[in-house]
Structures are given as C-alpha cells and as structure tokens.
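First the structure, in the form of structure tokens, and then the observations on it.
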Amino acid sequence: MEKVGTMAELKSSSPLKAKVSGKSILVFLVNDAPVATPARCPHAQGPLKDGEVCDTVLTCSWHGWSFDLLTGECEEDPDLMLERFDVKVEGDDIFVSV
C-alpha cells in the first residue's frame, strides 16, 4: 500500500489525485470514508476528476455516465464496472493498493 494523502486533505479538496504503482488514481470522500478509483472513466476514458459526485454517485463530465462509488456499478450499462482499489486509513493518512 502507498500513502496518497491525508483525510484532512481529502476533506478540503475533491478528489485527491495520486499515482500508485504507476497508475493514476483518484480518492473520493463518500459517507466520510475514502474510496479509490482509476482516474479515467471506463466508458470512454474521460477524466473523472472533472466529474460530479452526488451522494454515492459519480457522473463523468464527458458523456454523463454514472457510477456508484460504493459498488462500482454503472447506471447506463450493468456490464461496465468502475474499478475500486483497496484503501486503508491509519490515523490521518490514506493508503491505497492497486
């Protein structure tokens, strides 16, 4: 697992951007817990950092495809999933494994 930031940073920005094992990821705050995903939409590779989060749903800014950040499920295509990575919080530090 690699440190990607702190809970204080995550609460003051949206979302955290990091590289873990050479992979670009984002960390979102969902229900007061960090959730890590790839930085690109699995539909058309749009930048998810520009997406909008409402409750637990992330909507990509490119084509409006929506993903539940807790389950990875896509509202528009049930066969398409948003990958999520293992996250651990130790004190204020956030660690992610891809």
Side-chain angles (χ1 to χ4, degrees):
M1 295 202 119
E2 295 181 39
K3 182 178 174 183
V4 296
T6 66
M7 289 298 291
E9 290 173 310
L10 183 58
K11 289 177 181 176
S12 68
S13 68
S14 184
L16 287 179
K17 297 179 274 184
K19 278 209 184 240
V20 175
S21 299
K23 186 174 243 184
S24 294
I25 68 154
L26 298 172
V27 181
F28 296 91
L29 187 62
V30 181
N31 296 336
D32 294 321
V35 175
T37 72
R40 295 284 175 176
C41 179
H43 165 243
Q45 300 303 302
L48 291 177
K49 68 176 178 56
D50 297 333
E52 182 178 321
V53 177
C54 183
D55 294 321
T56 65
V57 176
L58 168 64
T59 302
C60 180
S61 63
W62 275 18
H63 298 109
W65 285 45
S66 300
F67 301 89
D68 188 305
L69 287 167
L70 298 180
T71 65
E73 294 176 353
C74 176
E75 293 182 359
E76 289 72 24
D77 182 350
D79 293 327
L80 187 64
M81 295 287 288
L82 178 64
E83 187 176 10
R84 288 161 298 115
F85 304 117
D86 291 332
V87 177
K88 179 171 66 172
V89 177
E90 290 183 359
D92 191 48
D93 296 333
I94 302 169
F95 295 87
V96 175
S97 177
V98 297

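By convention here, the first residue in the shown sequence is residue 1. Everything numeric in this text was worked out from a predicted model, so none of it was measured.
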Check whether [X] and [Y] end up in the same hydrophobic cluster, where Ile, Leu, Val, Met, Phe, Trp and Tyr are linked by side-chain heavy atoms less than 4.5 Å apart.
{"X": "W62", "Y": "M81", "answer": "no"}
{"X": "V4", "Y": "F28", "answer": "no"}
{"X": "L58", "Y": "L80", "answer": "yes"}
{"X": "V96", "Y": "L70", "answer": "no"}
{"X": "F95", "Y": "L16", "answer": "no"}

Atom pair [atom1] ([X]) and [atom2] ([Y]), whose distance is rounded to the nearest 0.5 Å:
{"X": "R84", "Y": "L69", "atom1": "CZ", "atom2": "CG", "answer": "8.5 Å"}
{"X": "E73", "Y": "S66", "atom1": "CD", "atom2": "OG", "answer": "12.5 Å"}
{"X": "L48", "Y": "K17", "atom1": "CG", "atom2": "NZ", "answer": "12.5 Å"}
{"X": "T6", "Y": "K11", "atom1": "OG1", "atom2": "NZ", "answer": "9.5 Å"}

Any side-chain heavy-atom pair from [X] and [Y] closer than 4.5 angstrom?
{"X": "P15", "Y": "L29", "value": "no"}
{"X": "F67", "Y": "C41", "value": "yes"}
{"X": "P34", "Y": "V89", "value": "yes"}
{"X": "L82", "Y": "P38", "value": "yes"}

Got a sec, which residues hit side chain to side chain donor-acceptor pair (under 3.5 Å) with D77, two or more places apart in sequence or on another chain?
-> none
May I ask you to check whether over 12 heavy atoms, not counting those of D55, lie within 6.0 Å of atom CG?
-> no
Step through the shown structure and confirm whether more than 12 heavy atoms of other residues, nucleotides or ligands are within 6.0 Å of CD on E76.
-> yes
Going through the checks in order, is the side-chain contact (heavy atoms from CB on, under 4.5 Å) test met by F85 and I25?
-> CA-CA 9 Å; F85 304 117; I25 68 154; 3.6 Å; yes
Minimum heavy-atom separation for [X] to [Y], with atom names?
{"X": "G5", "Y": "E9", "value": "CA-OE1, 3.1 Å"}
{"X": "D86", "Y": "M1", "value": "O-CE, 3.5 Å"}
{"X": "L26", "Y": "K49", "value": "CD1-N, 3.4 Å"}
{"X": "P47", "Y": "S61", "value": "O-OG, 4.1 Å"}

Give a yes or no answer on whether the side chain of D92 reaches the backbone of A8 with a donor-acceptor pair at less than 3.5 Å.
-> yes
Excluding sequence neighbours, so at least two apart, what forms salt bridge (charged side-chain N to carboxylate O under 4.0 Å, His left out) with K23?
-> E83
Tell me, with the steps shown, if S21 and E2 meet side-chain contact (heavy atoms from CB on, under 4.5 Å).
-> CA-CA 8 Å; S21 299; E2 295 181 39; 3.4 Å; yes
In terms of ring plane angle, is the pair H43 and W65 parallel, tilted or perpendicular, where the classes change at 30° and 60°?
-> parallel
